[in-house]
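Since the structure comes first, as structure tokens, the remarks are kept for the end.
The model shown is predicted, which means the values in this text are computed figures rather than measured ones. Letters A, B, ... are given to chains in the order of the sequence lines, protein chains preceding strands, and every chain is numbered from 1.
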Amino acid sequence: MPDFTRLHAHEMSRLLRAGEISSRALTEAHLAAAERQNGALNAWLTIYRADAIAQAGAADARIAEARRAGPAALAALHPLCGVPVALKDLVSVKGGQATAGSKILRGYIAPFDSTVTARLREAGAVILGKTNMDEFAMGSSTEHSAYGPTANPWDLTRVPGGSSGGSAAAVASYHTPLAIGTDTGGSIRQPASMCGIVGLKPTYGRVSRFGIVAFASSLDQIGPLARDARDAALLLHAVAGRDERDATSAPIPVPVELLSLPESDDEAASYLKGLRIALPREYFVEGMEPGVAARIREAVAAMEAAGATVDEVSLPHTDYGLASYYIIAPAEASSNLARYDGVRYGFSDRSSGEFIADYLRTRGGGFGPEVKRRIMLGTYALSAGYYDAYYLKAQKVRTLIKADFDAVWAAGFDAICAPTSPTVAFPLGARTEDPVAMYLSDACTLPINMAGLPGAAIPAGLSEGLPVGLQIVGAPWSELSMLRLARAYEGITARAPWRALEPAELHLTDDPTTPSPVGRRQRTASASAEGSGVQA
Amino acid sequence: MTAAEPAASRYEAVIGIEIHCQLKTVSKMFCGCSTEIDGAAPNSHCCPVCLGLPGVLPTINKKAVEFVIATGFAIEAKVATTTRWDRKNYFYPDLPKGYQISQYQLPLAAEGRLTFDTSDGPFTVCVRRAHLEEDTGRLIHAELDGRRVSLIDFNRSGMPLMEIVTEPDIRTAEQARRYAEELRLLMQTIGASDAEMENGQMRVEANVSIRPRGQEAFGTRVEVKNMNSMRAVERAIAFEIERQTVAVDAGEKIHMETRGWDEARQSTYHMRPKEEENDYRYFPEPDLPPLLTSPEWLAEIKARLPELPSARRRRYRDEQGLSAYDADVLVNDATAAALFEGAVAADPAVPPKLLANWVTGEYMRLAKGGEGSGAAAVDPAELAALVELVVDGSISGTNAKEVFAEHFATGRGVSSIVKARGFEQISDAGALGTAIDTVLAANPAAVADYRAGKAEVLGFLVGQVMKATRGQANAGMVQNALRERLDKAE
């Protein structure tokens with residue numbers, strides 16, 4: 001039997017429709033992989049084995065029915081019908097937990113589906129389970145999970161990035177072809193980059209936030225993690241679009257072309273001809289690893305060689321991004337997280353028998369240190385007398401950051417290319433005691449959230465044996481163009497040696513203390529194999 | 001100024017009123033839950049949104065917005081072209097999200113005013129703002145299995161509320177009551193709220209302070225709550241003014257506090273101190289985009305406004321000749337006003353003033369009796385027909401009242417009641433002639449007096465004819481016929 005877990009979602013889709021495989025078999029294979037390795041990776045918080053198999057059975061029935069009804073019925077099925085998907089554990093699934101990685105939501109069972117969940121069900125996707133994350137999506141390493149850190153499948157001693165680290169690790173480890181993540185300051189792109197996969201944060205308003213546990217409402221977006229651009233496009237298509245239940249979701253049509261990104265590498269590569277790419281000098285920040293900078297410059301050079309025009313640009317307010325982000329995001333979070341008081345659901349410490357004291361004990365014991373830090377930051381920033389100096393000022397900076405990007409689009413550029421993270425995956429524990437070092441991990445991603453723009457991370461080779469992600473930023477609602485660009489880059493690097501490299505720990509089963517020899521060999525891959533290695 | 005002078009001449013009260021009205025929408029402010037929560041089982045009218053479960057988002061109830069805009073127009077306020085939602089953050093078990101979605105910086109309506117009559121003449125209160133927000137759940141303190149517990153009913157959570165805040169323009173308890181009454185009438189007229197204080201649809205809070213007359217600076221204000229009727233509003237404020245006056249006269253300091261009105265003791269009591277303003281950490285609600293009110297939408301809402309109480313009073317007075325008192329009585333009673341308007345429309349020939357007399361007199365007297373569903377049976381066209389019969393002399397005023405009472409009780413048609421009761425006046429010349437002949441023959445002295453120039457005797461003779469016909473003769477016809485007979489025979 002072939003290893004179904006190595007298939008891309010678009011391949012699964014084709015084989016399912018052709019009747020060559022069943023969703024049931026696909027699902028079983030992925031569940032088995034997830035269950036086999038989760039002890040080592042801790043990527044999953046819940047695996048819905050029985051539900052997933054039932055959903056797979058239903059998808060098989062839908063596909064069989066469509067096959068009987070004819071080509072039109074088959075074409076009407078969403079490509080994701082029967083394809084497995086994982087959800088970050090802040091996506092509400094009716095009857096399932098949604099811990100958001102926090103102790104304070106332990107035991108909470110969502111009584112409703114998020115819009116994303118509902119749309120995936122409608123498409124016929126099979127929900128395998130829920131993935132680990134930094135508590136309330138606050139973090140860049142998945143170490144701030146109340147349920148333990150997730151390991152990076154390329155090196156179990158390193159972080160997978162975060163906050164959607166569980167989703168990224170699960171996709172990179174072939175536990176699922178697709179996963180949903182959320183991105184408030186880089187939480188899809190940074191882990192995608194560190195795990196060597198594709199992650200897309202859509203334009204703010206593209207995907208409904210209804211039923212997604214909120215971190216910072218004006219910055220949160222939901223998006224796909226996948227192993228290639230075509231798969232990311234399929235998942236985006238399934239979940240995007242206006243939702244009456246989210247007043248901030250935009251009534252902008254979702255392009256159907258997302259379902260038909262070019263299959264041929266050459267056809268895909270031709271998209272680069274005449275494309276104008278901007279390279280912002282401020283994004284090659286101090287402290288950036290030379291290997292990361294090198295991979296990004298090589299990737300851009302490869303695009304140039306394939307017909308794109310690349311110009312350096314300036315985004316002058318980039319430096320203020322981090323400071324203003326750490327006012328706005330915590331401010332909104334301090335309010336969004338006020339509802340977790342132990343009165344109605346989740347963790348509740350009622351040991352004092354006194355109402356105010358129980359509040360304090362519940363929140364004091366239910367939230368982790370990073371969440372508490374941000375609640376305090378945000379509460380302070382919103383307090384009377386400080387509001388104008390902090391929150392209002394930060395909002396003004398946000399407008400300036402957005403204006404920086406507007407100028408780039410006005411100058412006729414099609415996309416911005418930049419690093420995703422200044423470093424490759426760092427060792428577990430390296431930054432947990434230094435919050436600012438952790439925050440700096442998102443320096444290149446969070447301005448994109450501040451501006452509400454779509455941003456993607458795509459694999460661009462390795463540095464020191466670990467993946468480097470190229471970030472692509474587009475104008476509002478340009479996800480299709482960005483994914484075409486991502487697909488084009490896949491096309492021109494299809495035969496690059498690093499494309500053949502895989503996470504080192506894939507053959508590991510439940511014992512994190514003995515890394516597999518295969519892993520060691522691959523981690524010490526030669527420097528020549530790490531580079532962009534474009535074919536001529 | 002001496003202590004011997006009456007307090008009212010030494011101190012001036014400064015009063016501002018905050019009113020919360022539950023809006024009459026079908027669904028709640030930010031979700032689809034029904035607003036029919038009266039008498040419903042606890043927590044039977046809630047959903048993930050109004051329970052503030054993780055991940056939920058609010059969606060705006062357009063009707064609620066329209067009610068506040070309509071109120072804005074009705075109080076001549078500036079209606080916002082761009083309005084925004086803000087979060088008011090505080091912790092309380094009845095507030096499931098830990099914040100209330102309200103409006104802080106850009107209320108839907110601002111700088112309005114409301115004019116009404118008081119015993120001292122017309123008075124105008126400036127309204128600072130009117131905005132939209134969501135209600136909280138309700139805490140119920142109870143004893144369960146011997147333990148004192150607090151239960152929470154979230155049915156009320158997310159109900160749409162309009163908050164209307166005045167400037168500190170009010171100076172007397174009566175003005176405060178009248179303001180609240182006029183606002184209630186306005187809410188009912190535009191259909192924004194039933195505004196019944198007894199069941200919390202309208203909640204009135206007053207900020208009361210006193211200052212020596214002539215002083216500009218405000219005194220320390222005290223917030224008064226729990227006033228469950230208009231009478232309570234007036235009494236509580238009057239009590240509070242008196243309490244503060246006595247305290248200040250005694251050299252005591254007034255403390256910032258919230259006081260409740262105790263209906264049984266007819267006094268206010270200390271609820272909680274209000275030493276410093278709470279820091280609600282307001283900030284713009286990121287889950288709701290700013291709301292732009294297009295000129296077309298605003299014009300549409302304005303055009304849909306019904307006639308407002310002040311305009312209606314003016315029309316009744318100036319165009320229909322009603323007294324100020326009758327106009328006010330009608331405007332304050334929607335059913336009576338509808339009956340009046342219906343009767344005027346049914347027969348424009350009948351003077352509106354007469355119709356108003358019937359409505360404010362007979363109708364309201366019977367309606368107040370509250371017997372059965374009598375008031376509902378009154379048909380405006382029948383009332384107009386009845387008054388017409390009185391005007392043209394077909395029926396006497398006394399009999400008409402009996403007819404109306406029967407119509408009120410049974411809904412039976414006026415003409416059929418008149419016929420059945422034999423109340424039709426004798427307007428037949430022949431029948432009248434016989435009666436007149438009899439009366440003239442029986443009163444030769446009176447006839448002689450009339451002919452001798454004592455014209456006032458005619459009234460006596462008319463009375464005699466009316467008596468002979470047991471009131472059914474048409475008095476006008478009798479008078480004319482008598483005069484004709486007496487003058488001709490001369």
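- Counting heavy-atom pairs under 4.5 Å between each of A/A247, A/A100, A/A110 and chain B puts A/A247 at the top.
- Heavy-atom distances place the backbone of B/Y282, and not its side chain, under 4.5 Å from chain A.
- Note on A/R344 versus A/D341: salt bridge recorded, some NZ/NE/NH1/NH2 to OD/OE distance being below 4.0 Å.
- For the side chain to side chain contact (heavy atoms under 4.5 Å, CB included) with B/P96, the lone residue among B/C46, B/C50, B/S157 that qualifies is B/S157.
- Heavy-atom pairs under 4.5 Å with chain B peak, among A/Y386, A/Y359, A/F355, A/Y391, at A/Y359.
- Heavy-atom distances place both the backbone and the side chain of B/D287 under 4.5 Å from chain A.
- Looking at A/V343, the atoms closer than 4.5 Å to chain B (heavy atoms on both sides) all sit in the side chain, from C-beta outward.
- If you look at A/Y108 and A/Y345, their ring centroids are closer than 6.0 Å.
- Of the residues B/H131, B/R84, B/Q103, the one that meets the side chain to side chain contact (heavy atoms under 4.5 Å, CB included) test with B/L108 is B/Q103.
- Under the 30°/60° scheme for interplanar angles, the aromatic rings of A/Y390 and A/Y380 are found to be tilted.
- In this structure, the portion of B/P48 lying under 4.5 Å from any heavy atom of chain A is its side chain and not its backbone.
- The choice from A/S335, A/A214, A/S334, A/S217 that makes the most heavy-atom pairs within less than 4.5 Å of chain B is A/S335.
- Looking at B/F91, both its backbone and its side chain come within 4.5 Å of chain A, counting heavy atoms on both sides.
- Taking B/V49, B/I60, B/T59 one by one and counting their heavy-atom pairs under 4.5 Å with chain A, the maximum is reached by B/T59.
- Of the charged side-chain nitrogens involved, at least one lies within less than 4.0 Å of a carboxylate oxygen, so that B/E223 and B/K225 count as a salt-bridged pair.
- For A/A216, no part lies under 4.5 angstrom from a heavy atom of chain B.
- The pair B/R147-B/E143 does not meet the salt-bridge criterion, since no charged nitrogen lies less than 4.0 angstrom from a carboxylate oxygen.
- At a threshold of 4.0 Å, the pair B/E257-B/R259 counts as salt-bridged, since one of the basic side-chain nitrogens sits closer than that to a carboxylate oxygen.
- By number of non-hydrogen pairs under 4.5 angstrom with chain A, the leading residue of B/L288, B/L57, B/L51 is B/L57.
- For A/A384, the parts sitting under 4.5 Å from any heavy atom of chain B are the backbone and the side chain alike.
- Of the two parts of A/F210, the backbone and the side chain both hold a non-hydrogen atom closer than 4.5 Å to a non-hydrogen atom of chain B.
- The greatest number of non-hydrogen atom pairs below 4.5 Å with chain A, out of B/Y99, B/Y90, B/F154, B/Y280, is found for B/Y99.
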- Full working for side chain to side chain contact (heavy atoms under 4.5 Å, CB included) between A/Y387 and B/D279: CA-CA 11 Å; A/Y387 179 85; B/D279 184 358; over 6 Å; no
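- Considering every non-hydrogen atom in both A/Y147 and A/K103, the closest pair reads OH-CA, 3.8 Å.
- Heavy atoms of A/N336 lying under 4.5 Å from chain B belong to its backbone as well as its side chain.
- Interface check for chain A: of the options B/G98, B/P54, B/P286, the most heavy-atom pairs under 4.5 Å are formed by B/P54.
- In terms of heavy-atom pairs under 4.5 Å with chain B, the best-connected choice from A/R245, A/E244, A/R209, A/Q395 is A/R209.
- Using a 4.5 Å cut-off between heavy atoms, B/I152 touches chain A through its side chain atoms alone.
- In this structure, a donor-acceptor pair under 3.5 Å is absent between the side chains of B/R281 and A/S383.
- Proximity to chain B is absent for every atom of A/L90, based on heavy atoms less than 4.5 angstrom apart.
- No option in B/E167, B/E111, B/E18 other than B/E167 meets the side chain to side chain contact (heavy atoms under 4.5 Å, CB included) test with B/R128.
- Using bins of under 30°, 30° to 60° and over 60° for the plane-to-plane angle, the ring pair A/Y340/A/F136 lands in the tilted bin.
- Across B/I19 and B/I17, no two heavy atoms sit closer than the pair CG1-CG2, 3.6 Å.
- Side-chain contact between A/S324 and A/I401 is present, with heavy atoms from C-beta onward closer than 4.5 Å.
- By a heavy-atom distance cut of under 4.5 Å, not one residue of residues 22-35 of chain B is near chain A.
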